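Not measured: the values here are computed from a predicted model. To find a chain, count down the sequence lines: A is the first, B the second, and so on, and within it residues start at 1. Both backbone and side-chain heavy atoms feed into the values below; hydrogens, waters and symmetry mates do not.
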There are 2 protein chains.
Amino acid sequence: MRTELPAASTASGPGVEDVLGLIRAGGGRITSTRRVLLEVLLGSDEHRTAEQLAALVQARLPEVHLSTIYRNLEELQRMGVLVHTHFGHGPATYQPAVGAHGHFVCDVCAATVEIPPELVASLADGALASSGFVVEPGHFAIGGRCAHCARA
Amino acid sequence: MRTELPAASTASGPGVEDVLGLIRAGGGRITSTRRVLLEVLLGSDEHRTAEQLAALVQARLPEVHLSTIYRNLEELQRMGVLVHTHFGHGPATYQPAVGAHGHFVCDVCAATVEIPPELVASLADGALASSGFVVEPGHFAIGGRCAHCARA
DNA sequence: GTGCTTGCAAACGTTTTGCAGACTC
DNA sequence: GAGTCTGCAAAACGTTTGCAAGCAC
């Protein structure tokens, strides 16, 4: 929104009230949509599409519109609370920024595998050394074939 | 289409006539659209969007429709002549399969950097060893910040 | 002539935008 | 009351599909 999350957040990430405080501090308003969206979003590390998030929020607030979800997701990403990832050709998925990690996604069966942190680290080190590029592996999944589909 | 490109193609990749021959061998017809599209596509290693390719073909065959381009691109990918890559949020880009490589793409300025082959290889080795995953790094670019934007 | 290929138009799924009214502060 | 946020509708975007006419073989 208008403020960034301080680096001093706890390792498990900010809570709902922390983020609401940030929103208020930045001149934003605390609405029930925002509170419920944050509860849904920060309550799990799962990747969810905007539509899934809308459904979860609508379970409690049926009037909430998908476009409102998109607008809030965008703000929360600007604040650094969330990140989104593209898996294959489907919709983007959203997750808390804390604990974000890289993924392999199978082009055949769409299975996802978390990339081991040491692999991410060596890729990031190599990228920095060779071209000065700072890798942020969370944003795009890396395609290929999972062990099962590669055998077939 | 209905046939796969033999592994014996030259290192610089098949020429227009080679691919047309394959199409014919698979029961397909040789149309002027296909010939021009292949000339445009195989004449350079650049990444081009379907729309750019359509414009290039239309310079010579003004009647060609974008959906025809998409249909032909799909067939050429099935034959293994082409691959497509997703950079950021925009449209997919297409390029000859020969010489395909991984890319870093800057989330800020959209610059792209070719990933050094040895980095790709070590990522692929690590993926295979840790999870049996066979990486195909061409399909998705890896996000981050280029050297210039990372400094800012 | 058979049947693959094309142009066109229309639909698709995801995401964005313009607007007037509703709400938070 | 000022200014932010929302629901709704509509558009934007890249891509896919159905169909009848057209073309390669």
Determine: side-chain N/O of [X] to OP1/OP2 of [N], distance under 4.0 Å, yes or no.
{"X": "B/Thr31", "N": "C/dT5", "answer": "no"}
{"X": "B/Ser67", "N": "C/dT6", "answer": "no"}
{"X": "B/Arg34", "N": "C/dT5", "answer": "yes"}
{"X": "B/Tyr70", "N": "D/dT15", "answer": "yes"}

Nearest-Å distance, [atom1] ([X]) to [atom2] ([N])?
{"X": "B/Arg35", "N": "D/dC23", "atom1": "CZ", "atom2": "P", "result": "17 Å"}
{"X": "B/His89", "N": "C/dT16", "atom1": "NE2", "atom2": "C1'", "result": "13 Å"}
{"X": "B/His84", "N": "D/dG14", "atom1": "NE2", "atom2": "P", "result": "15 Å"}
{"X": "B/Glu74", "N": "D/dT15", "atom1": "CD", "atom2": "C1'", "result": "10 Å"}
{"X": "B/Leu66", "N": "C/dA11", "atom1": "CG", "atom2": "C1'", "result": "15 Å"}
{"X": "A/Ile23", "N": "D/dT4", "atom1": "CD1", "atom2": "C1'", "result": "12 Å"}
{"X": "B/Arg24", "N": "C/dC4", "atom1": "CZ", "atom2": "P", "result": "16 Å"}
{"X": "A/Ile69", "N": "C/dT17", "atom1": "CD1", "atom2": "P", "result": "17 Å"}

Counting only N and O atoms by type, is there a donor-acceptor contact under 3.5 Å from the side chain of [X] to the main-chain atoms of [Y]?
{"X": "A/Gln58", "Y": "A/Val64", "result": "yes"}
{"X": "B/His65", "Y": "B/Ser67", "result": "yes"}
{"X": "B/Arg145", "Y": "A/Glu136", "result": "no"}

Return the nearest nucleotide to the side chain of [X]; candidates are [options].
{"X": "A/Arg71", "options": "C/dC19, D/dT15, C/dT15", "result": "C/dC19"}
{"X": "A/Glu51", "options": "D/dT15, C/dT14, C/dG7", "result": "C/dT14"}
{"X": "B/His65", "options": "C/dT14, C/dA9, D/dA9", "result": "C/dA9"}
{"X": "B/Arg29", "options": "C/dT6, D/dC25, C/dC25", "result": "D/dC25"}
{"X": "B/Ile30", "options": "C/dC19, D/dC25, D/dG14", "result": "D/dC25"}

Next item on the list: Before accepting this row, confirm whether a basic side-chain N of the pair A/Arg71/A/Glu74 lies closer than 4.0 Å to the acidic partner's carboxylate O.
Entry: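 No, this pair does not count.
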
Next item on the list: Using the closest heavy atom to pick a nucleotide of DNA chain D for each, name whichever of A/Leu61 or B/His86 lands nearer the 5' end.
Entry: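 The 5'-side residue here is A/Leu61.
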
Checklist line | Side-chain heavy-atom pair B/Glu17, B/Arg35 within 4.5 angstrom cut-off | finding: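 A side-chain contact under 4.5 Å exists here.
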
Notebook entry, point to check: Contact class for B/Glu63 (heavy atom, under 4.0 Å): base, sugar-phosphate, or nothing?
Noted result: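 Sugar-phosphate only.
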
